[in-house]
Number of protein chains: 2
Amino acid sequence: MAEHVMRQGSVSMTELAEIFEVSVMTVHRDLDLLESQGMVRKFRGGASAQASSVFESNIAYRKTAQTAEKEAIARHVVGLIEPGSSVMFDDSTTALAVARHLGEVTPLTVVTNFLEAIRLLAPVPGIRLMALGGEYYPTHDSFLGVACVDAVEAMNTDTVVVSTSAVSDRHAFHQEQEIVLVKRAMLASGTRCVLAVDHTKLDRVALHRVAPLEAFDIIVVDSRAPEEAIQRLRDRHHRVDVAEVTEP
Amino acid sequence: MAEHVMRQGSVSMTELAEIFEVSVMTVHRDLDLLESQGMVRKFRGGASAQASSVFESNIAYRKTAQTAEKEAIARHVVGLIEPGSSVMFDDSTTALAVARHLGEVTPLTVVTNFLEAIRLLAPVPGIRLMALGGEYYPTHDSFLGVACVDAVEAMNTDTVVVSTSAVSDRHAFHQEQEIVLVKRAMLASGTRCVLAVDHTKLDRVALHRVAPLEAFDIIVVDSRAPEEAIQRLRDRHHRVDVAEVTEP
DNA sequence: TAAATCTAACGCTAAAGAGTGTGAACTTGT
DNA sequence: ACAAGTTCACACTCTTTAGCGTTAGATTTA
């Protein structure tokens, strides 16, 4: 339904009800949900699409996108992590995919500001979990702000895994300032930094520069990235690992 | 079933299976659960009770105990909180009862290190949630340790609500050192400090002193506390509020 | 004011989840 | 080595929960 609103730009309630063969009440409920997630705007009689820049940074959307790629990247990243070491990661869905596999490399110390990852890892035996506090942001389901940056700066981990929404030949980018600050702090507090991005992020830019690519020791992309894009990254002396995507 | 193990001290598997009219398999599963929560010890053929001091500090036990009293205290404490102010509370089940009612006094800034409360409050509109990070302790379902103390010390809130496992005429007590350190830090960072304890905690002591009762501005107890115990607290110039318990 | 739209409440259905038992395979202690 | 005890995997039942529609009442717009 979200996709339809996106395509049309603006649709009426009754129209949506007919298309999806559901009652008007259901359309209301679903749109309320999408609106609370920042995916669409509601007005009397219908709903309109949000600017792409705002909903792309939204969890509900990010979770469903490029799952196969993220899964492949996650498996590769987990292979880079040694049992007994410490890992820090941010509030990206790619990192969440990594978190799902961390139970395989125990014992491990895990540090994150991502509430969903905390929920996921809290009951896992063999994982010493450290949460980064801060102000809770519902749109990201994570803790950000000054308190979080301070908490990051008080720590040091063997491996830091971050993902950003855009990567050019020279820099990693992200739209939101609060998140940029946290990611930067994380990069500064990791012995080894891994940038994990799927191919849709390559050759793009966003509002804020997070860091130059030199700040990362390893860049992991999925195998659906164009060969020449990978080559271009490698040309600038980066170690670029390609994770093989298996599923459709 | 836990109660039966407590009373008997030590019971065999088959005995438990007969008493509760369930299969031995189920007994195994339930005891595994209780053991993982630290309520009992398992050995080949049966299970034995834990020392009371260890299981009393355990969430699974604390959650089921004195719910009516905690509910009454919680309602009273919420009445002390003004909309628009900030509240910090610890990882006590009493505080959790308070958290359940915080949606009624929005807008509000809430600070806690208790994961269950974070889960509970994250989706509540009108609540600005700040999490205190730190090392995750499964037995308390909260974040403790140096990182947590540092995070607390970096903040200041209008009201601090804490509960302790024992209260004498002069001091508040708790068994665990990590928790004591966090509670102390909280007391130091609140403009107004509230001690919320049900009547079973009165006239008791535990291993560590948390703070003298003078450190608290208000002490809230439930109406099942003996009158003379309340009077004794009041004699020492404390403001003691009594929350009326309604349910059985 | 009338028509349209929105919200809240209730009950229904289908899917998900928790809890349990059975039998086979494995472990431990005597 | 054998018996008692334990664990695992699977299937079954029961409870819980999420999602949808209908109706009735409130709100908004023309």
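Letters A, B, ... are given to chains in the order of the sequence lines, protein chains preceding strands, and every chain is numbered from 1.
Between the side chain of A:Ser142 and the backbone N or O of A:Leu115, no donor-acceptor pair lies under 3.5 Å.
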Checklist entry - Please walk me through it: do B:Glu71 and B:His101 pass side-chain hydrogen bond (donor to acceptor under 3.5 Å, both in side chains)? => result CA-CA 10 Å; B:Glu71 178 62 22; B:His101 291 280; 2.7 Å; yes

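Put simply, B:His28 has a side-chain N or O that comes within less than 4.0 Å of OP1 or OP2 on D:dT7.
Side chains of A:Ser85 and A:Leu108 form a contact here, defined as non-hydrogen atoms less than 4.5 Å apart.
Per the geometry, CG belonging to B:Leu33 stands 14 Å off P belonging to D:dT7, to the nearest Å. Between the C1' atom of C:dT20 and the CG atom of B:Asp32 lies a distance of 15 Å, rounded to the nearest Å. In this structure, B:Phe43 atom CZ and C:dT27 atom C1' are separated by 18 Å, rounded to whole Å. Between B:Met13 atom CE and C:dT28 atom P there is a gap of 15 Å when expressed in whole angstrom units. One interatomic measurement links the two molecules: CZ of B:Phe20 to C1' of C:dG19, which rounds to 16 Å at whole-angstrom precision.
Salt bridge annotation for A:Glu35-A:Arg41: absent, with no cationic side-chain nitrogen under 4.0 angstrom from a carboxylate oxygen. Ionic pairing of B:Asp222 and B:Arg75 is not present here: no N-O contact between side-chain nitrogen and carboxylate oxygen is shorter than 4.0 angstrom.
Shown here is B:Glu104, whose CD atom has more than 12 heavy atoms of other residues, nucleotides or ligands within 6.0 Å.
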Item to check | Under 4.0 Å protein heavy-atom contacts per nucleotide of nucleotides 11-30 of chain D, with B for base, S for backbone only and - for none | outcome: ---------BBB-----BS-

